[in-house]
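Chain A is the first sequence line, chain B the second, and so forth, proteins listed ahead of strands; every chain is numbered from 1.
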Amino acid sequence: MSDFLSRLNDPQRAAVTLPAVHALVLAGAGSGKTRVLITRIAWLIATGQCSPHNVLAVTFTNKAAKEMQARLATLVPVNTRSMWIGTFHGLCNRLLRAHHREAGLPAQFQILDAADQLAAVKRLLKNLNIDSERFPPRELCYFINAHKEEGIRAAQAEAFDDHTRRRVALYAEYEAQCRREGVADFAELLLSSYELLSRNEPLRRHYRERFRHILVDEFQDTNLLQYRWLKLLAAAPENGADAGGAKLFAVGDDDQSIYAFRGAKVGNMRDFEREFRVENVIRLEQNYRSHGNILDAANAIIKNNRDRLGKNLWTDTGAGEPVRVIEAFSDADEARMIVEEAQMLMNGGPEEGEAPLAPDQIALLYRSNAQSRILEHQLFSAGIPYRVYGGLRFFERQEIKHALAYLRLLTNPDDDTAFLRIVNFPTRGIGMRTVENLQAGAAQTHSSLYNAAAGEGRGGGRSAASLAAFVRMIEEMRKQTQNLPLPQIVAHVLAASGLRAHYLAEKEGQERLENLDELENAASNFVSESGWIEDEAQAAAETSGISALTQFLTHAALEAGDHQAGEGQAALQLMTVHAAKGLEFDAVFVTGLEQGLFPHENSVTERDGLEEERRLMYVAMTRARRRLYLSWAQTRLLHGQTRYNLPSLFIEEIPAALLSTLNTISLKPRPDREETFRPSAKGREGNATGALPQGLRIGQNVSHPKFGQGVIVAAEGSGTESRVQVNFGSRAGTKWLALEYAKLTPL
DNA sequence: CTGCAGCGTTTTTTT
DNA sequence: AACGCTGCAG
């Protein structure tokens, strides 16, 4: 036990060995925060201060939760499966399954993922004859989720204008629809669980007595509802007196809050400190990850943000390499130079005798997924293995969603979302007209679509025959799979639904077929991996008859991202900056550092948008251990057209002394590409623009007395009529200027 | 009812 | 460029 304490530095040990008090650990990037949290749990258990039973540990991603379980198991001999370690959603789901009656949910309630929710909202609008131009479904989803995440039901939602009143009414309709169909969206898991605990006093008391210690990782990413959920279990002191309940141990970094755009509230850190009278704020400021120059550069950037809790990372590992800047003429050049540089690192670096880097120790990061394509192209040409994270995830693929919908309908005939997804897929002659009639009928009798279809089928008529056939097929499936083990249920459904046959007949169906096979595998693995879990909530769930199928479907909804092929192979790592949070690499390339892309142009319209972009940049840079590259391209193909860009503000925010602009020519001469290394070199402009005087051209950097530095992005007219469009970056935006009057100085 | 052509949109993302 | 959705012709 003292063994795992001895490996900690002083503040880390201080945090781990705090007595049973509320505590906040402000931990910078690479300072060992997750380690502190895990060691804290191990220490509490090893010293006999509590049993695993008394611990609740919560994170945001399944990956982090699994890592926590695995690392904890190496420190203390406990069965981590029996512990409450998981994501907010996972734990809330567990609570709701165990107490579904009290929560007012059916035992087999299904979980709607974001796509399901959107489909449900669209269907709602259609049924109510609402113009989806005036009430865009996406926006309505956002409206609903934002309210739920603030703990606000439709009945309590405020509206001061007609449009909002309508949206609140739709929110109410949506709630009713979900209840009718026995489904819960992600936010609903949290809200229902919160309401369950807040209105059911005996239950709340039970869990309050059970959990003595609640530990939260990435606390800066919690939203209001999650924080309130935590407050129900770990009561804040009242009138200075301890209110009982668990002790809350929160770990986080306000500088790494990058999810405000979806409701995360950094302010929770300050609120926690105040409301819980936290006397123990421990700062972990020693970084064990990055070399000095990298850290200094990251610190230089983040200090431009106001309103920080304050913290300065340091390291004793030496300055290391300067941060390299790669300037490219085009996105293609940028990609080529990056790939070349990465290739060099894998071959042993520029210095004599430098150790080669493993490909999976090199990461290519970007602001948006669309940027991966061109990097992939260059990597592919160079024959370098790479792996792209993110993008479409396994359980979100259409063939998988279709298969799951059949399974869902077997479990719960009221699931209209599932019904609509598959009633005519593969196509079986049930068109929109038939479905609309069915929906009208179902609405009148207040029954689900499936029940309506079963009734309709008995009736007779032309479209009734095909509906009856569909219902017969589902019933037959239900009968055939009744007592089968899960993997065989899945196999049977894939065949009997006609999904397999459909993709077999499709020209491009090969990959989809493989994914269906993979779904069968996933079902097998799920059965063999989920051993009996000894836990009262789980036991309660089991006895109330939660089938293996329901558990599998829940797993599919909550852990959609966990099924990525090609894991563990030596390959270059490509991902968005968001996806890179929590990871580290020897060498990191942060790409596309251009005004409008990173920081993203849409961020300027959001409150504190630029600050969040800056935190994102901070996260990106602090992923690097030894080498950090920042690249930008003067032109980039976006949405099918070429855009001209200025270098990102963030490059300017780094002291020049820490930077070194990479000159690939001196490292590896390639005279045939020389011109592409200088953004200021004469370029390949001239797509049908008017003749411009005095050496002005598209892509030319110019200076304007009022608007400052900019770049010419378009031109039209000639002579005294000619105008140019200039992008002045975030400060002044993009403007059309008449050349006759505007005083533009070429730079 | 089905399939296709044209249109509009396009950040980040976990659950 | 690429995908999804809508509207129209077969």
- Rounded to the Å, how far apart are F598(A) CZ and dT12(B) C1'? 10 Å
- Just call it for D185(A): base, sugar-phosphate, or nothing, with non-hydrogen atoms closer than 4.0 Å on any strand. nothing
- Query: Does NZ or CZ of R138(A) fall inside the cone over F143(A)'s six-membered ring, less than 6.0 Å from its centre and within 45° of the axis?
  - Reply: no
- In whole angstroms, how far is the P atom of dG4(C) from the CZ atom of R138(A)? 11 Å
- Give Y259(A) one of three labels, base, sugar-phosphate or nothing, depending on what nucleic acid heavy atoms sit under 4.0 Å from its own. sugar-phosphate
- Reckon K581(A) touches a base, only the sugar-phosphate, or nothing at all at heavy-atom distances under 4.0 Å? nothing
- Assign each of I258(A) and N424(A) the nucleotide of DNA chain B bearing its closest heavy atom; nearer the 5' end lies the nucleotide of N424(A)
- Rounded to whole Å, CD1 of I111(A) lies from P of dT14(B) at a distance of 17 Å
- Indicate whether H89(A) forms a stack on dT15(B); treat it as stacked only if centroid distance is below 5.5 angstrom and interplanar angle below 30 degrees. no
- Please tell me which of the listed nucleotides, dT14(B), dA2(C), dA1(C), lies nearest to the side chain of H639(A)? dA1(C)
- Rounding to 0.5 Å, atoms CG (D331(A)) and CD1 (I374(A)) come to a distance of 3.5 Å
- Message: Whole angstroms only, please: what is the CD-C1' distance between Q398(A) and dC3(C)?
- Response: 12 Å
- Message: What's L616(A) touching, base or sugar-phosphate or nothing? Going by heavy atoms closer than 4.0 Å.
- Response: nothing
- Is F261(A) touching bases, backbone alone, or none of the nucleic acid, heavy atoms closer than 4.0 Å? base
- Query: Rounded to whole angstroms, how far apart are OH on Y142(A) and P on dT14(B)?
  - Reply: 17 Å
- Query: Given dT15(B), is OP1 or OP2 found less than 4.0 Å from the side-chain N or O atoms of N62(A)?
  - Reply: yes
- Query: Would you say T434(A) reaches dC1(B)'s phosphate, i.e. side-chain N/O to OP1/OP2 under 4.0 Å?
  - Reply: yes
- Message: Using the side-chain heavy atoms of T87(A), tell me which of these nucleotides is nearest: dA2(C), dT11(B), dT15(B).
- Response: dT15(B)
- Message: Parallel, tilted or perpendicular, judged at 30° and 60°: which one describes the rings of F419(A) and F470(A)?
- Response: perpendicular
- Considering just the side-chain nitrogens and oxygens of T576(A), establish if one lies under 4.0 Å of OP1 or OP2 belonging to dT11(B). no
- Ring-base stacking, H578(A) with dT13(B) (5.5 Å, 30° cut-offs): no
- Message: Less than 4.5 Å apart, side chain to side chain, heavy atoms only: is that true for D333(A) and S330(A)?
- Response: yes
- Message: Side-chain N or O of N602(A) versus OP1/OP2 of dT10(B): is the shortest distance under 4.0 Å?
- Response: no
- Separation of dT14(B) atom C1' from M575(A) atom CE, nearest Å, is 16 Å
- Message: At 4.0 Å (heavy atoms only), tell me whether T427(A) reaches a base, stays on the sugar-phosphate, or touches nothing.
- Response: sugar-phosphate
- Message: Ignoring hydrogens and geometry beyond distance, is the side chain of R262(A) in donor-acceptor contact with the base of dT14(B) at under 3.5 Å?
- Response: yes
- Task: Sort out for me which residue in D217(A), D253(A), D221(A) forms a salt bridge (Lys or Arg N to Asp or Glu O under 4.0 Å) with K581(A).
- Result: D221(A)
- From the list dC5(C), dT14(B), dT12(B), which nucleotide is the closest neighbour of the side chain of K122(A)? dC5(C)
- Query: For the ring pair H555(A) and F526(A), is the centre-to-centre distance below 6.0 Å?
  - Reply: yes
- Message: How many whole angstroms separate atom CZ of F395(A) from atom P of dT15(B)?
- Response: 13 Å
- Rounded to the nearest angstrom, tell me the gap between atom CD in Q595(A) and atom P in dT11(B). 19 Å
- Message: Classify N369(A) by what it touches in the nucleic acid, base, sugar-phosphate, or nothing, heavy-atom distance under 4.0 Å.
- Response: sugar-phosphate
